[in-house]
Amino acid sequence: MQDDPARAWDDALRAAALFAADPHGLGGIVLRAGAGPVRDLWLDALRQHLTGPIRRMPPGIADDRLIGGLDLPATLQAGRPVVQRGLLSEADGGVVVVPMAERLERGSVARLAAALDTGLLALERDGLAARLPARFGLVLLDEGQEDETVPEALADRLAFRIDLSGVGLRQAERQNTPAAQARADTQNPPPAGEVPGAVDPVTTLCALSDALGIASLRAPLLAMRVAGRIATAEGRDAPEEADLIEAARLVLAPRATRLPPAPAEEQEAQETPPEPPQEAGQSEEDSREPADAPRTPDDVVLEAVRAALPQDLLARLLAGGPPLRAGAAGRMGAAAASPLTGRPAGNRPGDPRRGRLDLIATLRAAAPWQRLRQREDEARRIVVTSGDFRIRRLKRRSETTTIFCVDASGSAALERLAEAKGAVELLLAESYVRRDRIALVAFRGTGAEVVLPPTRSLVRAKRVLAGLPGGGGTPLAAGLDAAAALALGVRRSGGSPVIVLLTDGRANVARSGLGGRALAGEEALAAGRLLRAQGLPTLVIDTGARPDGARRLAEAAQARYCPLPHADAGSVSAAVRAITL
């Protein structure tokens, strides 16, 4: 596998050249890089190849500016609806650059995806009925930290994914060569020993996509388009094997979700037992095995793409998983509607006495009808009726409440309670910095107790945590019930709850307070399934030495599972922080 900054920069330049030749057909590029001179150099190289317009999409752009709408001054002057083009229509035939793409709102994601699919913008509001051309490509600048990523609904539609986070400025300046040189440097010749033969591009790319664990059908389609673009640039009518190798390396390799199978030679070397000793009277020629079968073109392409996979792919796959709060925006969780406070989030018809009047939206609603409403004796220049009134829709951020459900039983006290306390204390401090709320549920003996209701007081949380006793049985079901009840209360009040369960999973006390591992275990699994049915995001930190009970509980709750039998407070804190923040 390769993870070379020089190759990463060459691939980035190569992708820019291919993308510029057909921005809409190839969808675009996801560029993961922080703001700085390296990213600016790449954007300059892209501009040199482009012939169409380039538009930069500001964060938080309004719908009227993004997709277009009613030109209010022109409409009032003409007495009829006049269409005003938006940013996406202005970028027709060119490229839209989206900074901080990992923070795109869902509405903007949906509009960009629809325009990529159809190449048109349908305006059917404010008295308008128009379709505007919008055939553009996207450049998503991913500046996210840790698990922050661009929306998959957009990334899946874009051909290329480039990571320049490991490329230095000197490396970029030294290899910032013209497109022809980038083409020569990044070309991967077929490996030696290839047997000539016809290559079916569609079958080869689909088989390779399946070997890499890529579930999307768009990936081989985009790879096929890239291969066709490479072949066209070289003056060929159809893509050849070298074109498929380069297309698969640029398009499919960054999407891999699993390691492809090893080459046939390596598998045979691992699985073939030692050769038996040669029998007497048997000649050397008779004892030879038949020659290995020649490699197929599909094997050659698979080997080339396998060599291009990043070195840390296995580590990333082991650490990956669905985020607990994929829909969260910013630090404070999902947005909640509020009639009087918050940031603007569109408008709706309504009574101005029960909300804030959106004057511009009201004029837009009234403007198309002025010619019909104006009479000879009408003194008003603009006639506004009650049906034209628009009031602002406001949204505020709902705060996140992290509910720590801590196993304080005898088994946990003997093994991991001290580490669990240290990890929770570190996470409490981080929640305080983000101004999120935290709560603490402890279960031991015969029941569970909310020892700390949702609060932002770090001093109070530390005091309660320091005085948390350990010992007794493990009423796991009671602890889960208490955490679920608290989380549902937070949700009803407009917050976003996240449950972090620290336990070894060995329940031995039922809800009734009676002992017995069989009944207690069944009740704990039932409580876990109830968490899944209620849609409560949960993380299970297995603090036990044997990963058995906690794993089954995580499967029942459909929760993220993190086995840390040998972890200290710092590693537990890092695991929770990487998943929940």
Is the side chain of [X] donor-acceptor paired with the backbone N or O of [Y] at a distance under 3.5 Å, no angle test?
X    : Y    : answer
S209 : L205 : no
D142 : L31  : no
E143 : E102 : no

Determine, step by step, whether E152 and S216 satisfy the side chain to side chain contact (heavy atoms under 4.5 Å, CB included) criterion, reporting the C-alpha distance in whole Å, the side-chain angles of both residues, the deciding distance to 0.1 Å, and the verdict. CA-CA 11 Å; E152 185 61 27; S216 172; over 6 Å; no
Could you walk me through whether I214 and T257 pass the side chain to side chain contact (heavy atoms under 4.5 Å, CB included) check? CA-CA 6 Å; I214 303 173; T257 62; 5.5 Å; no
Closest heavy-atom contact between [X] and [Y]?
X    : Y    : result
L121 : S89  : CD1-N, 3.8 Å
V251 : A159 : CG1-O, 3.5 Å
A16  : L46  : O-CD1, 3.8 Å

Mark yes when over 12 heavy atoms from residues, nucleotides or ligands other than D237 sit less than 6.0 Å from its CG; otherwise mark no. no
Taking everything shown except R55 itself, do over 12 heavy atoms lie less than 6.0 Å from its CZ? yes
Counting C-beta onward and ignoring hydrogens, is there a side-chain heavy-atom pair between D11 and F160 closer than 4.5 Å? no
Could you pull out all residues at least two apart from R56 that satisfy side-chain hydrogen bond (donor to acceptor under 3.5 Å, both in side chains)? none
Charged N to carboxylate O below 4.0 Å: is that the case for R225 and D22? no
